[in-house]
Asks: 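Just passing along the structure, written as structure tokens.
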Amino acid sequence: MSTREVYFKSIEDKLLLLVHSIKVNGKLNLLDGHLFAEAFFAQFLNILYQYHLHGTNRTKPNYAAIDLVDEVAQIVIQVTSQITREKIQKTLLKSNLVGIRDYRLRFVLITEDAGRLEKHPYQNPSEIYFSEKTDIIDVTRLLADCRDADIETLLQLKNLCDQEFGSSEPPRYETSLLVEVVKLVAKIQVSPATGIKIPNSFDIQEKIDFNELKPIQNNTISLLQLYSPELDRIYELFALEGTSPAIVFQKLVSVYQNQRIRNPDKRSVVVFLDMVDDLMTYIDKSANMDFSLTIEQKEYFCRVILVDAFIRCKIFENPEGYQYDTTN
């Protein structure tokens with residue numbers, strides 16, 4: 001999932017949560033939710049459309065039935081959860097609108113879909129600027145406009161939603177060396193011509209057979225072992241920078257041990273696949289992980305790291321006398 005998609009999904013979830021919350025609170029006659037929504041949408045629309053909206057003082061005659069105003073762009077907005085033609089018509093009939101007839105009147109309806117209201121004609125005796133086609137805005141319309149926004153705007157909207165409703169993101173751990181390995185693996189270009197590092201006195205097939213991993217041999221182990229020479233370079237780089245690769249390997253061992261101890265009867269193939277899931281969950285919660293990689297890429301690179309660990313004899317069981325020769 002791209003960064004844009006992550007931001008958009010977070011905004012979408014929060015807006016739909018607000019729709020549900022207002023709907024419930026409205027039925028309970030709790031008006032606090034409506035007042036909160038006005039303040040929230042003032043900020044939301046200011047970010048999305050570059051407005052300068054603020055709350056109105058309803059004691060001013062011109063602003064009766066108006067919730068938000070932007071004197072710069074000359075826009076007035078009513079925020080409501082009453083999704084009826086009568087509500088819009090009642091507002092348009094307000095005599096005070098004559099005093100702001102040079103403004104554009106827009107309605108923000110706290111509902112997923114208010115499309116049916118665009119099909120009705122409305123009386124507009126004050127002749128304030130208003131079009132039922134463009135000035136009735138529901139959550140679906142807001143989300144459509146969010147899709148077209150630049151990524152900086154989406155981030156601002158996401159942060160606003162997180163501040164108002166709480167972040168739905170999972171807690172993140174400290175930074176992880178495994179994440180750095182994943183990022184470096186993502187930059188590797190391999191092909192069959194690259195060559196495979198086959199250690200002395202080392203029979204990969206023997207270990208595959210011993211652990212009954214034949215079902216994933218051709219499309220996973222044999223294919224992804226092409227990355228091993230490059231992973232050698234990555235781990236050597238870690239060592240040169242003063243970080244022992246053993247730290248990474250021990251984490252992989254821990255993931256393997258957790259699978260084996262908790263599920264001693266689980267088939268090795270299933271253990272491997274579950275380790276991929278465990279590793280993806282772990283790196284996603286690491287503080288230095290970002291959204292630059294798709295889910296499919298992260299799964300692929302986690303498989304690369306696990307296949308390499310398998311070849312290095314860090315995970316799964318070794319046949320008697322079986323040893324990885326690190327000198328080659």
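Quick note: numbers below take in every heavy atom, side chains included, and nothing from hydrogens, waters or symmetry partners.
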Asks: Salt bridge check, K314 against D308: does any charged N sit closer than 4.0 Å to a carboxylate O?
Replies: no

Asks: Quick check: does any side chain N or O of R106 sit under 3.5 Å from a backbone N or O of T134, one acting as donor and the other as acceptor?
Replies: yes

Asks: I would like to know whether F249 and Y235 meet ring-ring contact (aromatic ring centres under 6.0 Å, His included); could you show each step before the answer?
Replies: CA-CA 10 Å; F249 298 144; Y235 293 135; 4.8 Å; yes

Asks: Should the heavy atoms of other residues, nucleotides or ligands under 6.0 Å from CG of N219 be counted, would the total exceed 12?
Replies: no

Asks: Between F8 and R147, is there a cation-pi geometry (under 6.0 Å to ring centre, at most 45° from the normal)?
Replies: yes

Asks: Should R312 and D232 count as an ion pair when the cut-off is N to O under 4.0 Å?
Replies: yes

Asks: Within the side chain of D67, is there an N or O that forms a donor-acceptor pair under 3.5 Å with the backbone of V79?
Replies: yes

Asks: Is a side-chain N or O of Q50 found less than 3.5 angstrom from the main chain of I47, in a donor-acceptor match?
Replies: yes

Asks: State whether E118 and K133 are salt-bridged, where the test is any N-O pair (Lys NZ or Arg NE/NH1/NH2 against Asp/Glu carboxylate O) under 4.0 Å.
Replies: no

Asks: Can you list the steps and then say if F316 with F210 is a ring-ring contact (aromatic ring centres under 6.0 Å, His included)?
Replies: CA-CA 10 Å; F316 289 93; F210 186 78; over 10 Å; no

Asks: Give a yes or no on whether a salt bridge exists between E86 and K90, defined as a side-chain N under 4.0 angstrom from a carboxylate O.
Replies: no

Asks: Could you check whether E230 pairs with R233 (Lys NZ or Arg NE/NH1/NH2 to Asp/Glu carboxylate O, under 4.0 Å)?
Replies: yes

Asks: Is E112 atom CD crowded by more than 12 heavy atoms from other residues, nucleotides or ligands, each under 6.0 Å away?
Replies: no

Asks: Should the pair F44 and F41 be assigned to parallel (<30°), tilted (30 to 60°) or perpendicular (>60°) ring geometry?
Replies: perpendicular

Asks: Which is it for F40 and F165 under the ring-ring contact (aromatic ring centres under 6.0 Å, His included) test, yes or no, and what are the steps along the way?
Replies: CA-CA 10 Å; F40 167 75; F165 303 104; 5.2 Å; yes

Asks: Look at D209 together with K214 and state whether they make a salt bridge at an N to O cut-off of under 4.0 Å.
Replies: no

Asks: Looking at I315 and L306, what are the two nearest heavy atoms and their distance?
Replies: CD1-O, 3.4 Å

